[in-house]
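Just so we're clear, the structure is a prediction, and the values are computed from it rather than from any experiment. Lettering of chains follows the sequences in order, A, B, ..., and the numbering in each one begins at 1.
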Amino acid sequence: LIRWRRMQGRNVLWLPGTDHAGIATQNVVEKQLLAEGASRESLGRERFIERVWQWKATSGNTIISQQKQLGESCDWDRLRFTMDEGLSKAVLEVFVRLYEDGLIYRGKRLINWCPRCLTALSDIEVEHEDVKGKLYHIRYPLADDPQIALTVATTRPETMLGDTAVAVHPDDPRYRHLIGKKVRLPLTTREIPIVGDSILVDLTFGTGAVKITPAHDFNDFEAGERHKLPRISIFTARAEMDGAGLHEAQADPSLNLALKPVQKARTIVVDALTERGSLEKIEDHKMALGKCYRCKTVVEPYLSPQWFVKIKPLAIPAIEAVETGKIRIIPDGWTNNYLGWMRDIKDWCISRQIWWGHQIPAWYCTKCNHDHILKTGHSVGATEESGPLHEVQQLNYTFTQEAQPIVSRTAPTRCPNCGGQDLLRDPDVLDTWFSSALWPFSTLGWPEQTPELKTYYPTSTLVTGLDILFFWVARMIMMGLKFMGDVPFRDVYIHALVRDAEGQKMSKSKGNVIDPLHVMEQFGTDALRFTLASMASPGRDIKLAEERIEGYRNFANKIWNAARFTHMHLTGTKESQPLDDRSFPGLWIRSRLNDTIKIVTMELEAYRFDRATNALYQFFWHEYCDWYLELIKPILQDPLHPEGSATRQTLQDTLEVFLRLLHPFMPFISEEIWQTLPHKGETIVTQSYPVHQTHWHEPSAEETFRLFEQSIGLIRTARVLLNYPPGQEVRVFVTHEEPATRATLVTLERNLAHLGRGQISPVPISQWPTSNVLRLITDGITMGVSVEGDVDLKKALDRLEKQIAETDKESLRLDGKLNSADFVSKAPPEVITDHRDRLRALSRDRAMLTSSEQQLRAMLGD
RNA sequence: GGGCGGAUAGCUCAGUUGGGAGAGCGCUGCCCUUACAAGGCAGAGGUCACAGGUUCGAUCCCUGUUCCGCCUACCA
């Protein structure tokens, strides 16, 4: 797109860059440290971050060099990184403004927590995977009548220790009388209430009674809010059973659960329940397991104070921008996907408990927040009372939900409230996507009003994969509208994802990754680019197979060889107007080229790269090479040919126009060949993109060519049927019985003669020899090829018979339709006429074929 | 659970106002013809997933079924 638009004369910018991939990068560097026997804690925050910068300096630009090798036409001087000073300034500015607008808040909520990365995740950073789980039915006896029990069903029995209520549906005749009573929670000494909740409880599922664990389940969290239930956290940040939490839950200490991992705790709890007769049954149950998108660890809903973006006010205009068509999503099938997600969007958790990223610009006065800042040198359970929410030691302090932050662009020196000078910064960093969301304007200098910003915002097109439509695209739209007052781009082109030849997603662990660098080395960059473009049909993933790339490598090779041929006949002058070439091949190829220009441009505008490449391939290989070059060889080989000079000019000009047309797809070979043509050092990318010319359109030349091609085809077929060796010349009889096309045939004859192919005189078919001529027909053209020497005509006879059978079949079909009263009375007249014409042509063909068959049989002596 | 996409030649895929089914690769035969054997020429190969419906007529429009893939979701 970039090369094409630049050639079209647009002011084009492709600004390259990378994000800092917070969690992923931190994971990589931590792994390195582990191998060295160190850890980020042992290094401390500052030295750790230095270390990450080091890593970034050495391997962070791999993708950039890959992009360069792919021939991506970026403005490399403008390379940006989300952690650059300028972009970081934009991040700060956006954070503060959103906070001041009340769109960023801090709150203690249930969030998705990765117990391995030890950080919060946003909803979309959780991948769901279907697994076979179990549904455990547990009996909770009524407090005032232990003979009666309420049976609840759960997939996570170990969380029962944190239950603070049981819900039933208020309309459920089985249970509604129990609402307000209490049950005894097995394995604990607690009694918990039975509440009525029509939102949480589905009458038709499970037992109709649901345990409520507000600290460990999103639904239960909300149900807990509705019924003002206490929340008991019984897991640590590492997804182990938490001692303090268990104590609060009054769990049976003999179970010895403290610091047991969740899986182990489940076994212990289930065993204990079974032993005590509380487990009714276990059923198989299909369920979705949430996993961390960076490390695939099972995520836990975890209660902790985090920063959130209040998203609805940002989402509403972002929905409108797409609804009104101000932003187009291509292919538009994804539009509903986008709208559906945006309409149901939840607040965005933007804080991450890692070090690599933009640290949140919030500080806490130790004096004002005396009771809300906790030294975390010792393990403290994450409970309502004790507060600290993750025991992980990132700093020596954690801040409870009640702590009052001071949000500021620069580090404050004193507390605006009490004047205290002892301030501690929030240790959390921002979600990487928070900074990526600002990319369209932060990279252009915002918040400064730079000329670049003015020129290039809003941008034209965003090209991206579906997998980051929500992560990135939606958020860029929201932030762009909020801070620039306009959409960040007009078109969003969702490209296909590349899979392996079997359609599997590529992954290192599966070992099915196709390395683009390796492919480029083997087949050439142009072949890879052309392959990807040719397979980019909308809404379909690409199954990349080597054979396909090889095929387009051959195409590149074909272009190279055709250029060599052209080079042998160079005119030695710069591109000129080839209008003096009025020969049939010249008129024809120019008309075909013109059509190709039209198609390629149209398809590029429609983001149909597949159809654009097909048009280029078809034109160059099957028209320019297969026919045009062969057609003009006699002219080129005759030094005295009157059309020689004009033909050479057309040969060269057509190649030059084609190279420009091809350049966006195959930049390297087009440039390379361009340089071998007489251009005096100009590069092809500075040339203009071809524009179709109405006066190049030559319908009569195209019609002549059609007849010509078919005639040649007949002769070639005859040669094969008769086993004629390549060197043997054949005598050809040609005729045409239709007066309407006789004129075209005359043109054809003249051109054949003109090309130095010898004379072809039409002879009325009645005057053809009755034997030793093999007659063949196609599309109303009849040709005869003389049969010379001792040849086997059996093959020819087989073919004739087959053709007759096909003709009969088709005639029968058409005849049937035309004999149907319904068809004749209801089908459009032009369709009926068309059918009649075809039927007439078929019967004429059949007559010709049968008479040929008779002659052939006569020759065979049948 | 909801939504979306796909099923067309051996393989990978095109195919829009519904009316004669295409390409590339692979396969078969012939050919090293002075651009190209990574090539040329000529061929073979398809009940357009299945079952209904609409229509004079369906690969195409509608309904259902099966299989595959993706997105999404808090069914304990």
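- With both ends at atom P, the span from B/C32 to B/C41 equals 16 Å, rounded to whole Å.
- A/Arg611 comes within contact range of the sugar-phosphate backbone alone, with a heavy-atom separation under 4.0 Å but no base atom that close.
- Residue-environment remark: CD (A/Glu729) stays at or below the threshold of 12 foreign heavy atoms within 6.0 Å.
- Here the side chain of A/Ala827 is nearest to one of B/G39, B/A42, B/G19, namely B/G19.
- A/Arg716 contributes no side-chain N or O that forms a donor-acceptor pair with the base of B/A42 under 3.5 Å.
- A side-chain contact (heavy atoms from CB on, under 4.5 Å) with A/Phe619 is found for exactly one of A/Ile589, A/Val600, A/Ile599, namely A/Ile589.
- At the heavy-atom level, A/Asp626 lies under 4.0 Å from the strands shown only through sugar-phosphate atoms.
- As judged by a 4.0 angstrom heavy-atom cut-off over every strand, A/Tyr617 is placed among residues touching the sugar-phosphate backbone only.
- Contact annotation for A/Arg838: base contact, defined as any heavy-atom pair under 4.0 Å involving a base atom.
- Searching all strands for a Watson-Crick or G-U wobble partner of B/C41 with both distances below 3.5 Å returns B/G29.
- When heavy atoms are screened at a 4.0 angstrom cut-off, A/Pro725 is found touching no nucleic acid atom at all.
- Nucleic acid contact class of A/Gly816 (heavy atoms, under 4.0 Å, all strands): none.
- A/His622 comes within 4.0 angstrom of the backbone, heavy atoms only, and of no base.
- With B/A14, B/C56, B/A35 as the candidates, the nucleotide lying closest to the side chain of A/Arg608 is B/A14.
- Nucleic acid contact class of A/Val152 (heavy atoms, under 4.0 Å, all strands): none.
- One C1' atom belongs to B/U17, the other to B/C61, and the distance between them is 12 Å to the nearest Å.
- Across all strands, A/Glu810 comes closer than 4.0 Å only to sugar-phosphate atoms, never to a base (heavy-atom distances).
- Contact annotation for A/Lys802: backbone-only contact, meaning every heavy-atom pair under 4.0 Å involves sugar-phosphate atoms and none involves a base.
- Heavy atoms of A/Leu814 sit nowhere under 4.0 angstrom from any nucleic acid atom.
- A 6.0 Å sphere centred on CD of A/Glu672 holds no more than 12 heavy atoms belonging to other residues, nucleotides or ligands.
- In A/Lys809, the NZ atom is not crowded: 12 or fewer heavy atoms of neighbouring residues, nucleotides or ligands sit closer than 6.0 Å.
- Checked against B/U12, B/G19, B/G39, the side chain of A/Phe823 finds its nearest nucleotide in B/G19.
- Residue A/Leu200 is classed as a base contact, given a heavy-atom separation below 4.0 Å to a base.
- Using a 4.0 Å heavy-atom distance criterion, A/Asp202 is classed as a base contact.
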